[in-house]
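The structure appears right after this line, and notes come after that.
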Protein chains: 2
Amino acid sequence: MTQLQRRRIPDAAVARLPVYLQILNNLHATNVVRFSSDELAALAGVNAAKVRKDLSYLGSYGTRGVGYEVTYLIHQIRRELGLMREWNVVVVGAGNLGCALAKFGGFAPRGFPVVGIVDNDPKKIGQLTGALKVSDVRNLQKLVRDLEVTIGAITTSTSAAQSAADALIEAGIASILNFAPIVLAIPSSVSVRNVDLGVELQILSYYEQMRIEQTDSKNQQESNAVPV
Amino acid sequence: MTQLQRRRIPDAAVARLPVYLQILNNLHATNVVRFSSDELAALAGVNAAKVRKDLSYLGSYGTRGVGYEVTYLIHQIRRELGLMREWNVVVVGAGNLGCALAKFGGFAPRGFPVVGIVDNDPKKIGQLTGALKVSDVRNLQKLVRDLEVTIGAITTSTSAAQSAADALIEAGIASILNFAPIVLAIPSSVSVRNVDLGVELQILSYYEQMRIEQTDSKNQQESNAVPV
DNA sequence: AGGGCTTCGTGCAGAATTTCACAAAGTTAA
DNA sequence: TTAACTTTGTGAAATTCTGCACGAAGCCCT
């Protein structure tokens, strides 16, 4: 059988493409027309060879001796990441974070309009958050189908997060952005990205402590040194 | 020279330890006393061998044939991650997100109290956000020294984020949690964790599109199949 | 036209990470 | 005590990711 399936981009490269895109959008806004892998590498804080390899997964869109064209590359990255269309988002959990996401207008212009928000609390159902009315979570399937939702954001309490995930998957969603500090049990056919500030802070804590210990042991060493 | 320096834990393992810790805290709350690497692996959604190897970086704290003790492991992970003490956080940027972080009480109990918030907008300086008064960013150095701040969270606009980072580093901060969608230019001695929902959504978008294309090509194949 | 210069694309080696597989070490039960 | 069973800890293989190094290809200047 002929290799019809799409060229697969390594996960690590996929995670960097949005960062490149962000930088290229900035370059474009400042009227930069062309860039070299060296320049993008410096801006992205990575190795130039890595930039070239990452971009080469999209195809050979550079010109040797010249570099890459900003607008053309933006187009290619957007195509590859699936950003030529909009992906509708539904928020599950109308708490502080959920409502903030629903009101925040920053995602629609970037291609991810929040088109619905649901909750299971009768007191919240029917209330307005920005332009959206909170729906009953039991209507999730219908809402997903009617509004062609493809991404679900879980902003419930930790205890409700797993059933929120179950409901989303039941409704046909295969992409989940999870804000609850819990590892969701989901089939491998579903993608999840976790956003957990506690985890991020704890990772920082580890390296911070590491630095402190190194400094301490150096000082220790110095004060132990026998003066000649 | 004797190997005084701390056993170094691989970055990938460091990033998983907070997740294990979260799960173990839950187990502890439900009165679970012991667990096996298989059980934790299932809960964390990873391979059991990986769990054992990750935990082995802390030392040999399991018992063969039995498993690990929840409370003891919690203690060891906390020690290793540097969670035996508090790490004070300062928020730079008193916008929606910055104020939300300052008001949100969820970090203090987990060892990361937000002890200050600064901005450069005279209209915001002096205002109250929760229990904190917004300080002038020019007082950052003093604030960091007086309140023993070790972590800075950047919640400014994108355009102000780099100077916020510069100010934090100038003030002696070496751990930054960055919410602005920009790659910060910082010396290698400083740790940064980026939290960018746009990036997360775009990664989801890639895999979502991938799935759709695969389904499409399968349907294509089926309809092309010659019936016998 | 041709030499010099720049920058891409990529093979390859090395590093990091993941996974397998199994001996070691413990428990349980008769 | 011994045999059967469980589960850890860890070498080693497999996989993924990174970074170097260099040929290929284009531009510019004379």
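Each chain gets a letter, A, B and so on, in the order its sequence line appears, and its residues count up from 1.
- Put simply, the side chain of F179(A) reaches to within 4.5 Å of the side chain of L101(A), judged on heavy atoms.
- Atom pair Y57(A):OH and dC8(C):P shows a separation of 16 Å (rounding to whole Å applied).
- One atom, CG of D38(A), and another, P of dC8(C), lie 7 Å apart when rounded to the nearest Å.
- Phosphate proximity of dT18(D) to R52(A): absent, as no side-chain N or O sits under 4.0 Å from OP1 or OP2.
- For the pair I9(B) CD1 and dA16(C) P, the computed distance is 15 Å after rounding to whole Å.
- As judged by a 4.0 angstrom heavy-atom cut-off over every strand, A12(A) is placed among residues touching the sugar-phosphate backbone only.
- Contact between the side-chain N/O atoms of Y61(B) and the OP1/OP2 oxygens of dT7(D) is not found at any separation under 4.0 Å.
- Comparing A13(A) and K53(B), the nucleotide of DNA chain D nearest to each residue sits closer to the 5' end for K53(B).
- With rounding to the nearest 0.5 angstrom, the CG atom of L27(A) is 13.5 Å from the OH atom of Y20(A).
- An OP1 or OP2 oxygen of dT16(D) is reached within less than 4.0 angstrom by no side-chain nitrogen or oxygen of R8(A).
- Rounded to whole Å, atom P of dA16(C) lies 9 Å from atom CG of D11(B).
- With rounding to whole Å, N47(A) atom CG is found 14 Å from dG14(C) atom C1'.
- As rounded to whole Å, 10 Å separates atom P of dC8(C) from atom CG of L40(A).
- Remark: P of dC8(C) and CD of Q76(A) are 16 Å apart, rounded to the nearest angstrom.
- Taking CG from L73(B) and CG from L40(B), the interatomic distance works out to 8.0 Å, rounded to the nearest 0.5 Å.
- In this structure, R34(B) reaches neither bases nor backbone, as no heavy-atom distance under 4.0 Å exists between it and the strands shown.
- The six-membered or imidazole ring of Y61(A) lies near that of Y72(A), with a centre-to-centre distance under 6.0 Å.
- The side chain of R64(B) has dA24(C) as its nearest neighbour among dC20(C), dA24(C), dA24(D).
- Comparing dC12(C), dG26(D), dG9(C) against the side chain of T63(A) picks out dG26(D) as the nearest.
- Residue-to-nucleotide proximity on DNA chain D shows that, of A49(A) and S37(B), the 5′-proximal contact is made by S37(B).
- Of the candidates dC17(D), dC12(C), dT17(C), dC17(D) carries the atom nearest the P10(A) side chain, counting heavy atoms from C-beta on.
- Close to dT7(D), at under 4.0 Å from its OP1 or OP2, lies no side-chain N or O of S36(B).
- Salt bridge absent: D196(B) and R193(B) never bring a charged side-chain N and a carboxylate O closer than 4.0 Å.
- The side chain of Y68(A) places an N or O atom within less than 4.0 Å of a non-bridging phosphate oxygen (OP1 or OP2) of dG9(C).
- Among Q214(B), E208(B), E213(B), the one residue that satisfies the side-chain hydrogen bond (donor to acceptor under 3.5 Å, both in side chains) test with R211(B) is E208(B).
- Dashed line: the shortest gap from a side-chain N or O of K50(A) to OP1 or OP2 of dG19(D) is under 4.0 Å.
- When the P atom of dG26(D) is taken as reference, atom CD of E69(A) falls 15 Å away, rounded to whole Å.
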